[in-house]
Amino acid sequence: MSESNAPVEFDASYDVVVVGSGASGLSCAVQAAKDGLTVAVLEKMEHIGGSSAFAEGHAAFESDEQKKRGITVTKEEGFNGYLDYSHWRANPAVVSRFVENADKTIVKMRDEVGVVYNEVIVTAPDQPGELVTWHIPEGEVAKVLELLEADARRRGVDIFLQTPAKRILKQDGRVIGVEAQDADGQKVVLGAKAVVVGTGGYACNPEMFNKFSKFPIGESLINVGNPGNTGDGLRMMFDAGAVPFESIGTALLFPIMRGKTVTSHTNCAGFQPYFWVDATGHRFTNEICGLNFGNAGDTVASLPGAYYWAIIDGAQIEHLVTDGNEVGLGVYVRNHEKLINLPTEIAADVEAGVNVFSDQTIEGLAAKIGVPADLLRAEVDEYNGYCDAGHDARFHKDAKYLRSVRKGPFYAIKMEPGIMITMGGIKIDDRMRCIDADGNPIPGLYSVGCDAGGLFGESYTLPIPGSANGFALTSGWLAADDIAESLSVAAH
């Protein structure tokens, strides 16, 4: 435990120490400085940003950016969207606080930090019930982080890179500071009236992932987020008396081809809602789940071996090149973008002979991916029959996505679970204060962003795009304001 009654000698003291320099941490630091507090930010990596650096945009409701584009998404719709999608496993108080304040985040980022918003969009036009909440800034969220860092430094925030926090310090039940390690490996002890933890979850900690997730596949996950997300903040908060939120195992999973980036056209072809088979050669789902890549990620994670083969033919490649994809991946591969690099890229992937295989016949392809030829032949024939009839009698896929598999050469693309972030984390109240086992706030301890729990149920709410980053930016400044108010009250 981090509790101690021994006198502590601090190397420096601040009103607030923020652990983590992603969107939540920097938002908190800037707002705390604006509120007149002294602030230090501890970041264990060589640069700021965390997983937020990979985000494209963030969610808001009834924002002026939506209104000036004629987009109507009410706060009531946002609140109901989170609670319905989570089957009310989300924390209504936390959801409400976010939904009610996310529009103010847009104003803060634009008018006070200098962010320019280029568009407000959805991730997948055909995803049922998706709300138009994805505010895409110029330069994406990486630019937002750059502007926040500059603003923080202008306001006198001390940002310590390569300085991982190791322990949250408490005395008499209250947080008093943080023990860290500087870039030279020396112990640093910082005093603080409040500590805010936003270290981005545990996506890069296989042991922790297996402990909390319903999918024990931590060692095989393909991480495309921040390599520093190893659960440090969660461990420190647990040691300080915090408890996990019920859905701490929530993770943003999605299908991806190993060795590829999210801009890859072969990878994009692999999650099109066409024809998928599992490791045994059986078609296993309505492939339309690919319109919600979170659903598709959970689906692939639950399969035998945690992978599927996307089987496509020459006609589908021609369609993807000439007409465009059915579903893209955010701003990395746009919806309906023509996959002009696909023929060259997939030929190189076949040549590599690791995750993509090709043959002129279905039977030959089956042999290369290790499934029974007669089974795969039967599955393809059945599927082609559904395509001819315009009706999927097995999984009831919309006819617009029924594209037959007839024209050789045939390709099999191996798709596995990728992970961007975990969510859920610590139990907090609507003031972002960490809650202990007795249901009481821990004085001086706050959790924000993906370390904090309450916004999600057991999976990411993709019908409200930009949720994780929207909550990160919003929870950060909400925590700062609460700290400033609390310290002001205490001073009087």
Spacing of Asn292 atom CG and Thr299 atom OG1 [to the nearest 0.5 Å]: 9.0 Å
The side-chain contact (heavy atoms from CB on, under 4.5 Å) partner of Ser447 among Arg433, Lys427, Met237, Met432 is Met237
Hey, is CD on Glu46 packed in by over 12 heavy atoms from elsewhere, all under 6.0 Å? no
Any idea which heavy atoms bring [X] and [Y] closest together, and the distance?
X      : Y      : value
Val195 : Gly177 : CG2-O, 4.0 Å
Asp278 : Trp309 : O-CD1, 4.0 Å
Gly457 : Ser247 : O-CB, 3.0 Å

When you check the gap from the basic side-chain N to the acidic O, do [X] and [Y] get nearer than 4.0 Å?
X      : Y      : result
Glu207 : Lys211 : no
Glu119 : Arg334 : yes
Arg89  : Glu458 : yes
Lys143 : Glu138 : no
Asp151 : Arg154 : yes

Verify side chain to side chain contact (heavy atoms under 4.5 Å, CB included) between Phe209 and Ile419, making sure each step is shown before the conclusion. CA-CA 11 Å; Phe209 186 89; Ile419 187 168; 3.7 Å; yes
Test Thr285 against Tyr308 for side chain to side chain contact (heavy atoms under 4.5 Å, CB included), laying out the working first. CA-CA 11 Å; Thr285 192; Tyr308 70 83; over 6 Å; no
For the backbone of Asn440 and the side chain of Asp438, can you confirm whether one donor and one acceptor N or O come within less than 3.5 Å of each other? no
Where the side chain of Tyr460 meets the backbone of Ile421, is there a donor-acceptor pair that is under 3.5 Å apart? no
Is it true that [Y] and [X] share a donor-acceptor pair across their side chains at a distance under 3.5 Å?
X      : Y      : answer
Glu56  : Asn469 : no
Thr105 : His58  : no
Thr38  : Asp15  : yes

Check: Phe212 ring centroid to Tyr202 ring centroid under 6.0 Å: yes
Evaluate the side chain to side chain contact (heavy atoms under 4.5 Å, CB included) criterion for residues Lys193 and Leu37: first the C-alpha distance (whole Å), next the side-chain angles of each, then the deciding distance (0.1 Å), finally the verdict. CA-CA 10 Å; Lys193 298 171 184 174; Leu37 305 179; over 6 Å; no
Step by step, would you call Phe61 with Ile464 a side chain to side chain contact (heavy atoms under 4.5 Å, CB included)? CA-CA 10 Å; Phe61 315 86; Ile464 308 178; 3.7 Å; yes
